[in-house]
Amino acid sequence: MKALEIDDDGVVTLLSDVLEDLGVDNARLLLAPAEDNRTVRETVIVDAEDDDEIRPGALVMLIGVRGRAALPALRRIMVGRPTAVAVKGSERELEAAAELLQPTGIGLVAVAPGLRWDKFESIALDRVRENDVPGETPTSVHRDLFAIAQTTATLTNGHVVIEDPGNRVLAYSPASNDVDELRRLSILARRGPEKYQKLLRESGVYKHLQATEAPVHVEANLDAGLRERVAIGIHAGSRVMGYIWLQEGAEPLAANTDRIMVGAARHAAIELVRHRNEQSQSMREDRVSSLLSGTAQVHSQAQSAGIDPSKPAALVLISAGGLSQSAAGLQLRRGELSKVASIHAAAYRPGAVVGALGMETAIILPDVDPLKSLPAINRLVNTIVRDATTHLHFQVQAAVGPIVPRLDALHATLDHVRSVLKVMEATPDVRVASYSDVETTVLTRELLELLESRTTLRHAGITRLCSRYPEFALTLLTYLEFFGDVNRCAEELAVHRNTVHYRLRRACEVAGLDLHSADERLLAHLQIRLWTYAGTKV
């Protein structure tokens with residue numbers, strides 16, 4: 001027996017709630033319980049051969065028998081007056097059982113023969129646990145869903161309502177004057193009007209939403225005062241966790257609305273499962289860190305997220321560190337950026353993981369094609385950066401890492417991707433770059449950092465030149481970078497070419513250099529670059 005009690009002032013679970021979660025293909029109500037016996041307070045598994053004590057408020061799963069063979073066990077169970085008994089069999093097979101229970105006020109549920117009892121129990125127990133939160137409101141229980149609703153509304157130019165499988169409102173985007181009557185009533189009543197829900201069921205909308213992840217468009221009904229809508233089911237495996245409804249606002253819906261809705265639904269499914277499993281926000285960040293740790297945790301974290309660690313993967317880092325904000329302001333903006341990135345990443349890959357990694361927002365993209373996916377990843381990242389600029393009103397920079405053959409090798413790219421972001425800091429107009437775009441610059445910086453750590457690798461004359469005659473040192477560096485072209489050097493420095501000749505001669509005298517020597521030119525170039533590099537970091 002497995003039971004879960006709830007307080008009298010808590011949110012009760014009705015038998016209809018459980019059946020809505022199960023779906024009509026898995027379970028059908030053959031006999032409704034009496035009006036005063038519809039609350040499910042515990043779930044109980046009873047073997048037909050056992051003689052367990054049954055209490056009121058129980059949803060009994062009678063296992064080991066089906067159809068008419070359940071009658072002896074039902075006669076024992078009905079003494080405890082449970083809310084309902086679930087038995088496997090068709091309506092015809094359970095006619096006698098319904099006749100037996102009719103006078104008792106106990107409900108009868110016909111369970112599809114192919115449905116495993118452990119799945120039935122899990123779904124029923126989840127619903128009871130979900131409502132076992134006395135004093136808790138949907139706002140606090142599903143606070144992350146409100147963020148998803150708001151972000152989705154912003155990206156699509158519409159208004160969003162997120163519902164559970166029973167059409168109760170879990171979250172919604174802030175309303176404005178251009179919402180229609182249906183949305184207003186749904187929010188006020190915390191549930192979609194039954195008349196409209198019936199119309200949608202009869203038209204097959206819900207059947208479509210339950211069968212596929214694809215969005216469905218519902219045309220506007222001007223006579224009824226209803227605007228155009230887009231809806232999508234929230235799926236977690238074979239379970240339907242709820243629905244997202246998008247109403248057109250004063251502006252037309254965004255061109256990529258369907259893709260955003262797919263991402264929002266996938267992201268909402270993760271949040272609903274996380275709430276049911278009592279997982280916290282910090283676990284999202286821990287998952288990113290674990291997947292990039294290069295340790296044995298990678299496999300366990302990947303498997304818990306439904307990701308195959310043996311498949312190719314890629315890492316993206318997004319930086320908003322250039323914002324002149326307070327610490328609280330930066331944290332808020334990064335949170336908003338993470339929401340936008342989560343929706344777009346989920347639309348691209350259901351198993352995408354998004355979370356904070358230090359000062360950056362990390363996106364881990366699993367199961368990608370090493371040959372074909374890079375252009376699509378770049379389009380994804382450009383879309384995220386664009387939406388951060390358009391809708392969040394701040395600019396970010398994103399670095400796209402290389403695709404590695406296995407997820408558990410992704411940690412090896414972290415330093416490279418961070419190096420790309422460092423290079424991009426010097427070019428704020430560049431919003432998205434991959435490692436291959438700036439590979440030479442990254443390697444040069446790493447070489448200079450290596451030289452910087454070896455303080456003994458210094459030419460005394462060049463050190464003297466940089467410290468005492470910086471103008472001569474910069475002229476020599478410019479001359480070397482333009483391959484000894486005096487005219488281009490003079491143009492770059494905005495001086496006369498004779499001035500360049502003079503400074504070069506003095507630089508060689510001070511440093512003791514012979515510019516005819518390839519080794520001395522290379523040494524001078526590297527050391528002066530190191531001097532300027534160290535100066536830019538101060």
Side-chain angles (χ1 to χ4, degrees), residues 317 319 321-322 374 378 397-402 404 412-538:
L317 290 182
S319 172
L374 200 54
N378 279 308
Q397 292 182 304
V400 181
V404 295
T413 69
L414 180 57
D415 288 341
H416 289 305
V417 183
R418 279 185 166 150
S419 294
V420 174
L421 281 179
K422 286 182 181 178
V423 169
M424 294 174 70
E425 289 175 3
T427 53
D429 290 340
V430 177
R431 298 295 171 204
V432 179
S434 63
Y435 181 75
S436 59
D437 293 333
V438 293
E439 182 179 17
T440 300
T441 308
V442 169
L443 292 176
T444 301
R445 287 173 65 97
E446 291 178 356
L447 177 61
L448 293 175
E449 287 173 355
L450 181 62
L451 287 174
E452 189 179 27
S453 66
R454 298 286 300 277
T455 56
T456 56
L457 297 178
R458 301 289 188 277
H459 186 284
I462 299 173
T463 301
R464 183 168 55 251
L465 172 68
C466 293
S467 59
R468 296 185 183 180
Y469 304 97
E471 195 174 60
F472 295 167
L474 287 174
T475 301
L476 176 56
L477 177 62
T478 306
Y479 172 78
L480 292 171
E481 291 186 341
F482 282 119
F483 304 101
D485 189 327
V486 173
N487 291 330
R488 288 192 64 192
C489 181
E491 184 179 343
E492 178 71 18
L493 297 173
V495 297
H496 195 275
R497 64 191 310 274
N498 290 341
T499 303
V500 173
H501 281 297
Y502 168 75
R503 291 178 181 178
L504 290 174
R505 185 174 68 254
R506 290 288 291 127
C508 290
E509 291 173 356
V510 171
L513 292 174
D514 178 7
L515 293 184
H516 292 96
S517 167
D519 289 342
E520 293 193 25
R521 289 198 306 270
L522 175 62
L523 186 60
H525 196 171
L526 285 174
Q527 190 166 330
I528 299 173
R529 279 287 301 271
L530 177 61
W531 167 65
T532 59
Y533 172 73
T536 59
K537 295 200 301 178
V538 175

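What you are looking at is a predicted structure, and each value in this text was computed from that prediction instead of being measured. Residues take their numbers from the sequence shown, with the count starting at 1.
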So, applying side-chain contact (heavy atoms from CB on, under 4.5 Å) with Val400, which one of Leu374, Val420, Asp437, Val417 is it? Leu374
To the nearest 0.5 Å, how far apart are NZ in Lys422 and CD in Gln397? 14.0 Å
Please report the interatomic distance CE(Met424) to CG(Asp429), rounded to the nearest 0.5 Å. 10.5 Å
Member of Leu523, Leu476, Val510, Leu530 meeting the side-chain contact (heavy atoms from CB on, under 4.5 Å) criterion with Ile462: Leu523
Does the side chain of Glu425 come within less than 4.5 Å of Leu421's, by heavy atoms? no
What distance do Asp485 atom CG and Leu480 atom CG have between them, rounded to the nearest 0.5 Å? 12.5 Å
Please walk me through it: do Asn487 and Val500 pass side chain to side chain contact (heavy atoms under 4.5 Å, CB included)? CA-CA 9 Å; Asn487 291 330; Val500 173; over 6 Å; no
Would you indicate whether the side-chain heavy atoms of Arg529 and Glu481 approach each other to under 4.5 Å? yes
With rounding to the nearest 0.5 angstrom, report the OG1 to CD distance, Thr478 to Glu491. 12.5 Å
Please check if the side chain of Gln527 supplies one atom and the backbone of Arg458 the other of a donor-acceptor pair under 3.5 Å. no
Correct closest heavy-atom pair for Ala490 and His496 would be CB-C, 4.1 Å
Minimum heavy-atom distance Trp531-Cys466, with the two atoms named: CZ2-O, 3.6 Å
Arg503 side chain vs Phe472 backbone, donor-acceptor pair below 3.5 Å: no
Give the minimum heavy-atom separation between Pro402 and Thr413, together with the two atoms involved. CG-CG2, 3.9 Å
Test log, rule side chain to side chain contact (heavy atoms under 4.5 Å, CB included), inputs Glu509 and Arg505: CA-CA 6 Å; Glu509 291 173 356; Arg505 185 174 68 254; 3.7 Å; yes
Expected output: side-chain Thr427 to main-chain Val430 donor-acceptor under 3.5 Å: no
Distance from His525 atom NE2 to Tyr479 atom OH, nearest 0.5 Å? 12.5 Å
In Å and rounded to the nearest 0.5 Å, what is the CG to CZ distance from Leu477 to Phe482? 10.0 Å
Taking all heavy atoms of Leu513 and all of Ala524, pick out the closest pair and write down the distance. CD1-CB, 3.9 Å
How close do Arg521 and Leu515 get, counting heavy atoms only, and between which atoms? NH1-O, 2.8 Å
Of all the heavy-atom pairs spanning Pro470 and Ser467, show the shortest one and how long it is. CD-O, 4.4 Å
